[in-house]
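Everything numeric in this text was worked out from a predicted model, so none of it was measured. Residue numbers begin at 1 in each chain, while the letters A, B, ... track the order of the sequences.
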Amino acid sequence: MIAKFEKEGNQNVNASSNQKDTFTAADWSNMSNKEKSDILMNYRLAYRSIAYVNWCEALGTILANDEVKDGVSERGGFPVERKAMEQWSLRTTAYAERLLTGLDQVDWSEALKGIQRNWIGRSEGATAFFQLDGHDEQIEIFTTRPDTIFGATFMVLAPEHDLIDKITTPEQKAKINAYLEYVGSRSELQRQSDVKNITGEFTGAYAINPIKGDKIPIWIAEYVLKDYGSGAIMAVPSDDERDQAFARHFGLDIVSVVDKADYPNADVHDKSGIMINSGFINGMEVKEAIQAVIQKLEELGVGHRTINYKLRDANFSRQRYWGEPFPVVYDTEGVAHLVDEAQLPVELPPLDDFKPTKDGKAPLAKVEDWVYADGRRREVDTMPGFAGSSWYFLRYMDPDNDDEFVSQKAVNYWQDVDLYIGGTEHAVGHLLYSRTWHKFFYDLGLVPTEEPFKKLVNQGMIGGRSNFIYRANEKFAEQLLEKELKKISTTFEKDTIIGEGEEAFKVDFACDKIKLAIELKSLYDLERYKDKHKQTLNEAGYHLLPISIEEVFAHYHEFDFIINKIKKASNGEIVPLNRNVRDTALFVSKDMIEDRSAVTKLYVDVNIVYNDVLDLAKFEKSRTDFANPVYILNDNGDYVCSHAFEKMSKSKFNVVNPDDMVEEYGADCFRMYEMFLGPIEQGKPWNTEGINGVQGFLKKFWALFYHHQDAWMVTNEKATKDEMKVVHTCIKRVNEDIERFSFNTCVSEFMKCANELRKLNCHKKEALEPLVVLLAPFAPHLAEELWHELGNEQTVFDADFPSHDEQYLVENSITYPISVNGKKRALFDFPVDASKDDIEKTALELEAIQKYIEGKTIRKVIVVPKKMVNIVV
RNA sequence: GCGGGUAUGGUGGAAUUGGUAGACACGCUAGACUUAGGAUCUAGUGCCGUGAGGCGUGGGGGUUCGACUCCCUCUACCCGCACCA
């Protein structure tokens, strides 16, 4: 194979050759792993290819995918175009299989492995070639169900498929072009979100089934993706939901080929059933038929077994300044060469302006004397972040080595990373790339292990805890007014029609007796509404009292004001509109809401909410848009907010800055509180209620050493047995909990220990010193300071980490819970060495137990030594 | 739809091997000290019930002397992927 390569060359594989002979994806996928790695070893992992970038003309920059939202830049909303550029790619696909099987060897969460498996997306099946009727070309398809080839009643190409133009018949041309235009008009987002809508068009062309031999129509449709498989499928409507929906929609044939009568609960993915209507494979089980068809395809030379992967080669170029420059120069022919070893490492030239060039080239292109330093043209793209992040841990093993990236001695000693703590957000980026990279190093014999990260723990994501306030809306004002009107008069009717015919209109409240109509609207609306129905009102003999919603809210707590207005109006007085209440909003405490639909939920800055109670003064200061707020507070006089767990985001007003917390509580306290929140792998909202508890602990711990600020209290007295027991219990548990990454319970243990030592009034060095070392990983600053105060010269981090001494933990009696029928009824202390019989006898005689067993037959007494007693009656 | 996960007091959570459910904190209640308190200390705090007592780990069922823990089943929510041939 290498010989073949030497001879024929390949532009995609050999970076240092400009020969243009091609080498197909199919050739590559048919090679064994050995052949692939040989090629990669000899011809490098990286190659040049055309890749697309998100170019934003207005911003003059290339954007990452997540900086593009709905086809425009997230920042500014400027148009973004896909721009083709020749870039470096990394042949990660060569490692697809090993990346997949390697997952079985690592101790990672199933979730993370699942994401990687899914991303690699292995599927086993067959490639088959369908001869075009009346053309020389064939259409390559991939299928996981070659057994259903007799049920293929049509073919579908992706709208981007190369052959469409060629095969479309003149009669269908217009329709096909119209369809392609429709597809082109749809954004990636639309195509993805609108999957139920069935669209497609017939090309007019036919293909010949390589096994069955019949002619089937070729369609194009959006549901076939250009990037998966070969961008074309044989459609088997009987055994594929999407094909079936398509066939039904366009009235295409459906031929049943799998009899699933024996498997009533199986779905398509189970690959079970008996073949029917399928020529030579009739009567075979599906799994058997798959093999038989693949064999037949190979015999006929029209297909072969294929393993397909979703994984794509990684784009290894960035048009940014910050990144490792490539050690590559181009000759006059444009062929890439490695720079001479003597010139390594290639360093970034200084630059002030980090924007790309006007035509979208990387910023380094602007530094001409660097680019053409030795006459040849340097590569101006830089490497992506994962170039360095894929192997930095190897460099850490031997950071001062000037000759190699890591010495064999060092790497054989350290091997790989024992424990990696990181988030799932790197699942298909960094964590996949470094595995690829490591395997490449392994193949080169540079590292002794195939997997870089043996064990990986995902820390949970700390989300934002949003707070909400409730602003009363129009409905609220209506309900309120209605209620208050009923108190003064029963003659007001809600939603009364005034006038007749076309002139008729509805007012919110009206009293026929005194001919008063009341319209409730926002001030803004009322100003426009005022004279609208004047004539109709006059004809009907009504006069109108406009009341603004703002006014109702403003006088919520002195509603008589509104009532008086109504009374005045009832007496025929003209009551003018009050414009001073503009911008008045009424906020209802969460626990005072009666009708959820009468209030609008709004985000409020979490930094002015304490334990879900809104700080009203800060609120009024921070939100000028609610200038004159009125509140409905609860019985305690508090405004209570509701809350929700969401991602932190500025628009949600739920972003908390850890710097503020560190400023207020100190880094030790912040660090410990993060640990105390709960299990490390569990995500949860960021919530600072409770940090006081950790702060309290640190103060208590400090108080074991110091009285007030400065009175040192630690003595050299010998610690008592009780004190040592407390200390060693803590040492034991903290050590065990660290082993299982249960840092929250470590913090609890420290708290318990400090509480108990305080009760024992213990200020003895013998007891406290080991605790300081134990605490060092949790509260490093405090521990280091106390460690020095205790008279130690070296840093606390060089001290031996304490381990417990069993002699302090020996118990001479154990408290047994004594249950009757599994319910705990009494507690009793027994000596450690009490015999089962003694325990049973004593337990049965206990007064507290007698009560429950009196007059009942004792069926069984279970005594579990050192645990419990259960009496079954 | 597929894959992974979670569910325990008012709140965060603990219970390591099937053996005292609610450790440790927050919050809350009462009290002490204080000019003051977002300080400190003391006591109480799963729910129902005046009480005896009963109930209780998302719902239902099972195994067991004994289930937060094991099995079956259902529900809700979270995360990831998704027209993947």
Side-chain angles (χ1 to χ4, degrees), chain A residues 109-119 121-123 125 141-145 148 156 158 191-192 194-198 221-225 227-236 239-243 245-246 267-269 308-310 424-425 427-428 458 460-461 463 610-612 643 645 673 676-679 681-685 687-694 696-697 699-700 703 733 736-737 739-740 742 744-755 758 815-827 859-864 866-873:
Chain A
S109 72
E110 273 312 308
L112 191 51
K113 287 187 187 183
I115 294 170
Q116 290 208 345
R117 282 196 192 105
N118 192 285
W119 188 258
R122 181 187 201 270
S123 51
I141 60 109
F142 171 73
T143 177
T144 55
R145 294 293 303 273
T148 61
V156 187
R191 283 180 75 164
Q192 269 173 28
D194 178 26
V195 296
K196 296 232 163 62
N197 194 14
I198 299 168
E222 264 189 302
Y223 83 91
V224 174
L225 308 173
D227 290 326
Y228 189 75
S230 57
I233 60 162
M234 65 170 194
V236 183
D239 286 85
D240 182 289
E241 266 178 45
R242 293 149 303 153
D243 295 347
F246 193 82
D267 66 18
V268 181
H269 306 284
N308 192 47
Y309 300 93
K310 271 197 290 186
T424 39
E425 68 271 21
V428 297
N458 291 127
M461 184 185 71
Y610 302 90
N611 301 333
D612 286 340
H643 59 89
F645 177 26
Y673 180 59
F676 189 57
L677 277 174
E681 70 279 5
Q682 225 169 77
K684 56 177 62 68
N687 179 358
T688 54
E689 297 166 18
I691 195 168
N692 292 329
V694 174
F697 158 74
K699 283 180 181 169
K700 275 182 211 167
R733 296 208 176 134
E736 284 169 356
D737 289 353
E739 276 309 307
R740 58 188 181 105
S742 178
N744 54 329
T745 51
C746 286
V747 179
S748 296
E749 289 306 327
F750 280 119
M751 287 171 167
K752 272 193 241 182
C753 182
N755 288 343
R758 215 175 69 86
T815 307
Y816 282 68
I818 297 160
S819 307
V820 179
N821 286 347
K823 287 233 177 290
K824 183 185 70 176
R825 297 300 182 184
L827 291 174
R859 293 190 193 281
K860 210 193 239 180
V861 178
I862 291 137
V863 178
V864 183
K866 294 180 183 175
K867 293 273 189 197
M868 45 69 69
V869 179
N870 191 16
I871 300 162
V872 188
V873 297

How far does the [atom1] atom of [N] sit from the matching atom of [M], given to the nearest Å?
N: B/G62; M: B/U16; atom1: C1'; value: 27 Å
N: B/G27; M: B/C68; atom1: C1'; value: 24 Å
N: B/C47; M: B/C28; atom1: P; value: 16 Å
N: B/G5; M: B/U40; atom1: P; value: 42 Å
N: B/G56; M: B/A67; atom1: C1'; value: 14 Å
N: B/C70; M: B/U57; atom1: P; value: 15 Å
N: B/G60; M: B/G51; atom1: C1'; value: 33 Å
N: B/A14; M: B/G61; atom1: P; value: 28 Å

Inset, instruction - Taking atom types as modelled, find out whether A/K310 and A/N118 have a side-chain donor-acceptor pair closer than 3.5 angstrom. - result: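 Indeed, the side chains of A/K310 and A/N118 share at least one donor-acceptor pair under 3.5 Å.
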Inset, instruction - Return yes if a side-chain donor-acceptor contact under 3.5 Å exists between A/D737 and A/T745, otherwise no. - result: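 Short answer, yes.
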Legend entry - Side-chain heavy atoms of A/T144 within contact of A/F142, under 4.5 Å: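 Yes, side chains in contact.
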Legend entry - Flag side-chain contact, heavy atom, 4.5 Å: A/V747 against A/Y673: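 They are not in side-chain contact.
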Legend entry - Stem regions touching RNA chain B, defined by at least 3 consecutive Watson-Crick or wobble G-U pairs below 3.5 angstrom: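 The stems are B:1-7 with B:75-81, B:10-12 with B:24-26, B:27-32 with B:40-45, B:46-48 with B:53-55, B:58-62 with B:70-74.
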Atom [atom1] of [X] and atom [atom2] of [N]: how far apart are they, to the nearest Å?
X: A/R122; N: B/A85; atom1: CZ; atom2: C1'; result: 16 Å
X: A/Y223; N: B/G1; atom1: OH; atom2: C1'; result: 17 Å
X: A/R733; N: B/A15; atom1: CZ; atom2: P; result: 11 Å
X: A/E736; N: B/A14; atom1: CD; atom2: P; result: 16 Å
X: A/F750; N: B/G13; atom1: CZ; atom2: P; result: 21 Å
X: A/N118; N: B/C2; atom1: CG; atom2: C1'; result: 8 Å
X: A/Y228; N: B/C81; atom1: OH; atom2: C1'; result: 13 Å

Legend entry - NZ/NE/NH1/NH2 to OD/OE distance under 4.0 Å, A/K752 and A/E749: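 Result for this pair is yes, salt bridge flagged.
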Could you state the interatomic distance from [atom1] ([X]) to [atom2] ([Y]), rounded to the nearest 0.5 Å?
X: A/T815; Y: A/M868; atom1: OG1; atom2: CE; value: 14.5 Å
X: A/R145; Y: A/M234; atom1: CZ; atom2: CE; value: 9.0 Å
X: A/D239; Y: A/T143; atom1: CG; atom2: OG1; value: 10.0 Å

Inset, instruction - Could you tell me whether the side chain of A/T424 and the main chain of A/A427 form a donor-acceptor pair under 3.5 Å? - result: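 Side chain of A/T424 to backbone of A/A427: no pair is present.
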Inset, instruction - Mind running side chain to side chain contact (heavy atoms under 4.5 Å, CB included) on A/V861 and A/V872 for me, showing each step along the way? - result: CA-CA 6 Å; A/V861 178; A/V872 188; over 6 Å; no
Would you indicate, yes or no, if [N] has its OP1 or OP2 atom less than 4.0 angstrom from a side-chain nitrogen or oxygen of [X]?
X: A/R758; N: B/U42; answer: yes
X: A/R825; N: B/G66; answer: no
X: A/R117; N: B/C81; answer: no
X: A/K310; N: B/C84; answer: no

Identify all pairs in which a protein N or O lies below 3.5 Å from an N or O of nucleotides 4-11 of chain B, and state each distance.
{"from": "B/G4", "atom 1": "O2'", "to": "A/A111", "atom 2": "N", "distance (Å)": "3.4"}

Legend entry - A/K699, nearest nucleotide to its side chain (from B/A39, B/G13, B/A85):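 For A/K699, the side-chain atoms sit closest to B/A39.
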Legend entry - Per A/R242 side chain, nearest of listed nucleotides B/G13, B/C65, B/C84: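 The closest nucleotide is B/C84.
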Regarding [X], tell me which of base, sugar-phosphate or nothing describes its non-hydrogen contacts under 4.0 Å with the strands shown.
X: A/V861; answer: nothing
X: A/S123; answer: sugar-phosphate
X: A/I115; answer: sugar-phosphate

Legend entry - Residues forming a side-chain hydrogen bond (donor to acceptor under 3.5 Å, both in side chains) with A/N308, sequence neighbours excluded: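 For A/N308, the residues satisfying side-chain hydrogen bond (donor to acceptor under 3.5 Å, both in side chains) (neighbours in sequence not counted) are A/Y228.
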Legend entry - Partners passing side-chain hydrogen bond (donor to acceptor under 3.5 Å, both in side chains) against A/Q116 (at least two apart in sequence or in another chain):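 A/Q116: side-chain hydrogen bond (donor to acceptor under 3.5 Å, both in side chains) contacts with A/R435.
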Inset, instruction - Please work out whether B/G9 sits syn or anti, treating a glycosidic angle within 90° of 0 as syn. - result: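 Judged by the O4'-C1' to base torsion, B/G9 sits in syn, the angle falling within 90° of 0.
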Inset, instruction - Check side-chain contact (heavy atoms from CB on, under 4.5 Å) between A/K867 and all other residues, then give those that pass, not counting sequence neighbours. - result: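 For A/K867, the residues satisfying side-chain contact (heavy atoms from CB on, under 4.5 Å) (neighbours in sequence not counted) are A/V864.
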Legend entry - Residue met sooner reading RNA chain B from 5', once A/G696 and A/T144 are mapped to nucleotides: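 So the residue in question is A/G696.
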Legend entry - Per-nucleotide protein contact string for nucleotides 19-25 of chain B (B base, S sugar-phosphate only, - none; heavy atom under 4.0 Å): BB--BBS
Inset, instruction - Could you give me the CA-CA distance, side-chain angles and deciding distance for A/F246 and A/D240, then say whether side chain to side chain contact (heavy atoms under 4.5 Å, CB included) is met? - result: CA-CA 10 Å; A/F246 193 82; A/D240 182 289; over 6 Å; no
